[in-house]
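Taking it in order: structure first as structure tokens, then the write-up.
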Amino acid sequence: MKVQSTTTQQDDHFLISDYDYKSTNIEKNGDKYIAKPQITNFKFKTDTRIPKLGVMLVGWGGNNGTTLTGGILANKFNITWNSRRGTHQPNFYGSLTQSSVIKIGTCNTEEVFVPFKDVLPMVNPCDIVFGGWDISSLNLADAMSRAQVVDYDLQQKLRPYLEKLVPLPSIYYPDFIAANQGDRADNVIPGNNKLEHLNIIRKNIADFKQQNNLDKVILLWTANTERFCVEDPNVHGTAEKLMKSIESSHPEISASTIFACAACLEGCSFINGSPQNTIVPGVIELAEKAGVFVAGDDFKTGQTKFKTCLVEYLVGAGIKPKAIISYNHLGNNDGKNLSQESCFKSKERSKKTCVDDILESNKVLYPTEEELNIDHTIVIKYCPETGDSKKAMDEYIAEIFLGGRQTFAVYNVCEDSLLAAPLIMDLLLLCELFERIQFSKDSTEFQRFDTVLSWLSYLMKAPKSESGITTINALSRQRAMLENLVKVCAGLTVDDNLRLEVRYG
Ligand code: NAD
């Protein structure tokens with residue numbers, strides 16, 4: 001695709017697009033709103049040179065880590081495999097960047113769509129170099145067998161590639177994850193000195209980058225869900241305080257926060273795929289100083305994706321959700337870890353907050369704070385027989401016309417890691433892309449996006465936003481935000497769906 005326009009310029013290194021952003025400023029006058037449409041000029045500058053990307057996963061030997069690594073290798077080497085359903089070709093289904101399309105315009109009256117990944121230059125997932133850590137020493141071939149996610153025949157075909165990959169020893173603070181994880185922790189960095197731990201992780205990152213001749217590295221936490229750390233401004237509040245707390249091996253510094261700090265200090269962006277409060281204010285300040293991004297929290301894969309879609313539909317239709325009751329049972333190691341109350345609490349929080357802004361937006365349905373307090377219940381049970389095929393059963397009860405009720409009972413089988421792996425890949429590819437985009441408002445100097453990368457909220461259950469910016473959970477709005485940004489950077493027109501060119505030529 002090539003854009004021909006007077007508002008875009010391209011040379012060997014950069015694509016610059018000029019965009020008049022139309023928004024509406026609202027002023028409140030008593031009980032009236034005064035709406036004032038306005039136009040602000042933005043320029044977006046995208047570095048079109050594709051770097052050699054390395055990714056380090058924390059929890060590499062887990063279900064997600066092995067499924068992602070194996071899945072990408074299957075695609076890279078075009079490995080086919082057999083199951084009782086026949087012969088399978090590898091694909092990237094479930095990946096926004098690789099398998100979804102974006103409308104770029106109309107040809108006569110036909111709408112034209114291209115793959116998301118083709119709108120701006122992006123890293124090819126098959127070119128990513130993977131590395132990482134795990135508290136379990138199994139090589140990735142054995143870890144993939146343990147995970148019981150991938151078809152047996154594919155596991156066998158991937159074995160020669162995966163058995164060479166062995167996770168680095170990791171930091172293990174037993175107090176932060178479930179006690180039942182202790183029996184797999186045989187690959188642990190010794191000692192209790194948190195500063196030494198930080199320095200070892202930093203060295204691991206630097207060595208990985210140098211040994212693989214990488215342009216950049218991104219770190220992503222896909223290890224077990226930790227309990228929340230007890231956040232204290234004196235411990236976590238600034239970069240300086242956080243570093244002091246690490247030096248004194250403060251008990252409320254989690255392993256995930258050490259990894260986030262190490263990433264920032266090595267100039268790498270950090271993504272938190274679990275719900276816990278890893279990205280404390282001190283981490284954000286470190287990231288800001290290093291000019292890298294942080295993004296979180298918790299991958300939005302099956303049940304929550306659906307929830308933020310269904311509730312958006314109901315509220316958008318003027319129907320009033322009154323209760324959401326979510327049961328989950330799962331039998332993978334994630335479920336085993338979540339069977340401990342402290343870890344479950346982290347997950348409960350991120351699963352519960354995901355519809356708040358959707359309800360709050362509609363004051364017709366929810367005129368008071370009290371009414372916003374709907375019955376939203378989360379139950380998670382560990383049932384080993386279920387394996388990685390998580391069952392999510394949700395009942396949505398909504399109030400309709402004249403006091404009637406509309407009830408949905410949804411049964412959602414989420415093959416957890418087969419949904420998570422492509423999503424993790426998208427997070428990495430998009431985070432890398434955002435590192436190459438700068439913007440300028442009203443002809444000021446070009447600058448990077450905010451440190452907290454809320455642009456990735458489509459992929460996050462509890463999206464972390466820049467301070468002062470409200471979080472958007474509604475799935476279609478999150479997707480439109482990403483799609484439109486990519487289009488604007490490429491110099492394409494943002495779609496408002498009026499379709500006037502088709503209706504009135
Ligand atoms: P998993 O238990 O299979 O894998 C986690 C891995 O992390 C294990 O191999 C474990 O040994 C390792 N680990 C634990 N503590 C570690 C540490 N301190 N350092 C390095 N490694 C450590 O779990 P999973 O199914 O791969 O999920 C990973 C995370 O992603 C979980 O927190 C889960 O809640 C989150 N998540 C998963 C999904 C999904 O759909 N799969 C969705 C949202 C969030």
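Both counts, for ligands and for their atoms, begin at 1 and track the order of listing. Counting begins at 1 with the first residue of the sequence.
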Can you name the atoms of ligand 1, numbered from 1 with element, that are less than 4.0 Å from a heavy atom of [X]?
{"X": "S170", "result": "17 (C), 19 (N), 20 (C)"}
{"X": "I171", "result": "17 (C), 18 (N), 19 (N)"}
{"X": "G59", "result": "6 (C), 7 (O), 12 (C), 20 (C), 21 (N)"}

Would you please say whether a donor-acceptor pair under 3.5 Å links the side chains of [X] and [Y]?
{"X": "N333", "Y": "Q181", "answer": "yes"}
{"X": "D298", "Y": "S274", "answer": "no"}
{"X": "D394", "Y": "S326", "answer": "yes"}

Checking side-chain hydrogen bond (donor to acceptor under 3.5 Å, both in side chains) against W81, which of T87, D153, D151 comes through?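 Exactly one option meets the side-chain hydrogen bond (donor to acceptor under 3.5 Å, both in side chains) with W81, and it is D151.
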
Please identify which of these residues, T69, D416, T222, T301, meets the side-chain hydrogen bond (donor to acceptor under 3.5 Å, both in side chains) condition with N64.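 By the side-chain hydrogen bond (donor to acceptor under 3.5 Å, both in side chains) criterion, N64 pairs with just one of T69, D416, T222, T301: T222.
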
Check this for me, if you would: do E288 and R448 make a salt bridge, where the nitrogen-to-carboxylate-oxygen distance has to be below 4.0 angstrom? no

When you check the gap from the basic side-chain N to the acidic O, do E348 and K345 get nearer than 4.0 Å?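 Yes, this pair counts.
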
[options]: member with heavy atom nearest to [atom]:
{"atom": "atom 14 (C) of ligand 1", "options": "N333, T304, N224", "answer": "N224"}
{"atom": "atom 44 (C) of ligand 1", "options": "D298, V58, T222", "answer": "D298"}
{"atom": "atom 42 (C) of ligand 1", "options": "I177, T301, T66", "answer": "T301"}

contact_flag D134 ligand 1 heavy-atom lt 4.0 Å: yes

Within-shell test, K461 vs ligand 1, heavy atom, strictly < 4.0 Å: yes

Just need the protein heavy atom nearest to [atom], so name the residue and atom and give the distance.
{"atom": "atom 3 (O) of ligand 1", "result": "N63 N, 2.8 Å"}
{"atom": "atom 23 (O) of ligand 1", "result": "D334 CB, 3.9 Å"}
{"atom": "atom 30 (O) of ligand 1", "result": "N64 ND2, 3.5 Å"}
{"atom": "atom 43 (C) of ligand 1", "result": "F299 O, 3.1 Å"}
{"atom": "atom 8 (C) of ligand 1", "result": "R184 NH2, 3.2 Å"}
{"atom": "atom 35 (C) of ligand 1", "result": "G273 O, 3.7 Å"}

Side chain to side chain donor-acceptor pair (under 3.5 Å) between S454 and E466, worked out: CA-CA 7 Å; S454 62; E466 311 76 319; 2.8 Å; yes

Please report the interatomic distance CD1(I50) to CG(D127), rounded to the nearest 0.5 Å.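 If I round to the nearest 0.5 Å, the distance is 8.5 Å.
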
Set of residues satisfying side chain to side chain contact (heavy atoms under 4.5 Å, CB included) with respect to R85, sequence neighbours excluded: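 If we apply the side chain to side chain contact (heavy atoms under 4.5 Å, CB included) test to R85, skipping adjacent residues, the hits are S83, H88.
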
Counting only heavy atoms closer than 4.0 Å, does ligand 1 sit against the backbone of A223, its side chain, both, or neither?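 Both backbone and side chain.
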
